[in-house]
Peer 1: 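Pasting a structure here, questions to come.
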Amino acid sequence: DDCQRVQGSPPTLTRLRGSNLCDLVQRPCSTMYFDADNFEMNDDFKCKAETANGGYVLSKANYLSGSRLSCTLPDATNQTVTAFSVSVTSDGKNYSNKINITVFDSTCMTCDLNTHTCTQKADTCLIDNQCYQQGDRNPSDFTKMCNTSSDIHQWADAPGDSFPPVGKPTLSVSTDNKSLLKCSFPATNVATNVGFKVTWYINEGSMVDEVTLPYDETAAIKSVFEIPLTANKVLCSVSSFIMGAAKVSPPQMSDSLPFSAA
């Protein structure tokens, strides 16, 4: 049933369930829950999320139970700090009181609950309105990094002798096809200009093949039929490199996998 409503009077948002500060590191901050009075569920029952620049987005208000409802906020995941003023209406004309909500990224920002003001944390960078911590690499260029001693708003040159991190590879038989060997390796937060070199070996280190993988592939596949009949064990190694650079990182070697051509 619709909640009791005084005709001609706007709804009232009596409470926000949860904090007025929403940290994107903790949750998506896409849905907010309220207690409200004097609203009516109909086609005009909507939420209004206003931003500091005067823009706003209308979305359907979702009735939950009793005096509870929820509102969907505009996507703020690509912003460091976004302040919203949320209100609701049952007729598209009369709006409730506003409740202020600040969505922020605690990777580099800290916000005050009372004033809704946010300040940048020490040892962090704020570049292109995105948060980075000291030492983080540019997602598009591994040769650039966040260096707070240089400029907290611009990418700085990374040390020339550093390589994209890559972990020890694991060599196994593919679970989908027993005739395939899989060399997989851990690599996280890899920039788009990074590549990986996977080398296949048999026995005591005789190289069989070598392939290059792009930044978003962390496994290489090899058919058992491409392994020489003289093999009694197989290994793989992985190195990382920056596209266009001559040097590659020292190889990470897998444990050996017993092999028989029979």
Side-chain angles (χ1 to χ4, degrees), residues 24-30 75 77-78 105 107 125 127-128 130-146 155-262:
L24 289 165
V25 174
Q26 300 297 324
R27 67 186 186 94
C29 301
S30 58
D75 183 15
T77 54
N78 290 324
D105 184 346
T107 303
C125 293
I127 304 173
D128 297 328
Q130 296 293 302
C131 286
Y132 300 94
Q133 294 182 329
Q134 170 66 26
D136 283 352
R137 298 299 178 112
N138 183 337
S140 301
D141 185 356
F142 193 81
T143 65
K144 304 295 183 180
M145 65 180 287
C146 163
W155 293 112
D157 290 333
D161 58 349
S162 61
F163 292 98
V166 60
K168 179 180 178 178
T170 299
L171 184 58
S172 61
V173 177
S174 173
T175 56
D176 298 326
N177 188 336
K178 300 300 182 183
S179 65
L180 298 178
L181 300 177
K182 183 178 182 181
C183 180
S184 57
F185 51 93
T188 57
N189 300 321
V190 178
T192 55
N193 68 333
V194 166
F196 303 104
K197 184 177 73 171
V198 178
T199 307
W200 296 87
Y201 302 91
I202 62 170
N203 301 339
E204 302 307 318
S206 299
M207 191 179 82
V208 173
D209 195 12
E210 189 173 88
V211 295
T212 298
L213 301 178
Y215 76 97
D216 56 352
E217 293 186 21
T218 56
I221 302 296
K222 189 75 173 171
S223 170
V224 296
F225 301 112
E226 297 176 314
I227 303 297
L229 297 177
T230 56
N232 54 54
K233 60 182 178 181
V234 181
L235 307 91
C236 68
S237 70
V238 180
S239 298
S240 63
F241 61 92
I242 300 170
M243 296 293 186
K247 294 182 179 181
V248 298
S249 69
Q252 295 278 354
M253 186 71 71
S254 73
D255 294 331
S256 61
L257 182 71
F259 182 81
S260 174

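Side chains included, hydrogens not; waters and symmetry mates left out as well; all remaining heavy atoms used. The chain is numbered in sequence order, starting from 1.
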Peer 1: Indicate yes or no: at least one non-hydrogen side-chain atom of Pro164 is less than 4.5 angstrom from one of Arg137.
Peer 2: no

Peer 1: For Ser249, is there any backbone N or O sitting under 3.5 Å from a side-chain donor or acceptor partner on Ser240?
Peer 2: no

Peer 1: Answer whether the closest heavy-atom distance between the side chains of Gln252 and Pro169 falls below 4.5 Å.
Peer 2: yes

Peer 1: Where do Ile227 and Phe259 land on the side-chain contact (heavy atoms from CB on, under 4.5 Å) test, with the steps shown first?
Peer 2: CA-CA 9 Å; Ile227 303 297; Phe259 182 81; 3.5 Å; yes

Peer 1: Enter the distance from Lys247:NZ to Phe163:CZ here, rounded to the nearest 0.5 Å.
Peer 2: 6.5 Å

Peer 1: For residues Trp155 and Asp136, report the shortest heavy-atom separation together with the two atoms involved.
Peer 2: CZ3-O, 3.8 Å

Peer 1: May I ask you to decide if Gln130's main-chain N or O and Asp128's side chain share a donor-acceptor pair within less than 3.5 Å?
Peer 2: no

Peer 1: I'd like to know whether Thr77 forms a side-chain contact (heavy atoms from CB on, under 4.5 Å) with Leu24, so could you lay out the CA-CA distance, the side-chain angles of the two residues, the decisive distance to 0.1 Å, and finally the verdict.
Peer 2: CA-CA 7 Å; Thr77 54; Leu24 289 165; 4.2 Å; yes

Peer 1: Could you check whether atom CG of Asn232 has more than 12 heavy atoms from other residues, nucleotides or ligands sitting under 6.0 Å from it?
Peer 2: yes

Peer 1: Measuring from Phe196:CZ to Asp216:CG, what's the distance to the nearest 0.5 Å?
Peer 2: 9.0 Å

Peer 1: Going from CE on Met253 to OH on Tyr201, what distance comes out if it is rounded to the nearest 0.5 angstrom?
Peer 2: 5.0 Å

Peer 1: Give a yes or no on this: more than 12 heavy atoms of other residues, nucleotides or ligands lie within 6.0 Å of atom CD of Glu204.
Peer 2: no

Peer 1: On a heavy-atom basis, which atom in Tyr132 and which in Ile127 lie closest, and how many Å separate them?
Peer 2: CE1-O, 3.9 Å

Peer 1: Atom CG in Asp75, atom OG in Ser30: separation rounded to 0.5 Å?
Peer 2: 8.5 Å

Peer 1: Spell out, with a plain yes or no, whether Cys125 and Cys146 have SG atoms under 2.5 Å apart.
Peer 2: yes

Peer 1: How far apart are the closest heavy atoms of Met243 and Val194, and which atoms are they?
Peer 2: CE-O, 3.8 Å

Peer 1: A side-chain contact here means heavy atoms from C-beta on lying under 4.5 Å apart; do Leu181 and Ile221 qualify?
Peer 2: no

Peer 1: Just how far is it from atom OG1 of Thr192 to atom CG of Asp141, taken to the nearest 0.5 Å?
Peer 2: 7.5 Å

Peer 1: Quick one: closest heavy-atom pair of Pro250 and Ser239, and the distance?
Peer 2: C-OG, 4.0 Å

Peer 1: Between Ile202 and Lys233, does the side-chain contact (heavy atoms from CB on, under 4.5 Å) criterion hold? Intermediate values first, please.
Peer 2: CA-CA 6 Å; Ile202 62 170; Lys233 60 182 178 181; over 6 Å; no

Peer 1: To the nearest 0.5 Å, what is the distance between CZ on Phe185 and CG on Leu171?
Peer 2: 13.0 Å

Peer 1: Measuring only between side-chain heavy atoms, which start at C-beta, is Lys168 closer than 4.5 Å to Asp255?
Peer 2: yes

Peer 1: How far apart are the C-alpha atoms of Thr143 and Asp157, what are their side-chain angles, what is the distance that settles it, and do they pass the side-chain contact (heavy atoms from CB on, under 4.5 Å) test?
Peer 2: CA-CA 6 Å; Thr143 65; Asp157 290 333; 5.8 Å; no

Peer 1: Closest approach of Ile242 and Phe142, non-hydrogen atoms and distance?
Peer 2: CD1-CD2, 3.9 Å

Peer 1: Looking only at atom types and distance, does a side-chain atom of Ser254 sit under 3.5 Å from a main-chain N or O of Cys236, one as donor and one as acceptor?
Peer 2: yes

Peer 1: Quick one: closest heavy-atom pair of Asp209 and Lys222, and the distance?
Peer 2: OD2-NZ, 2.7 Å

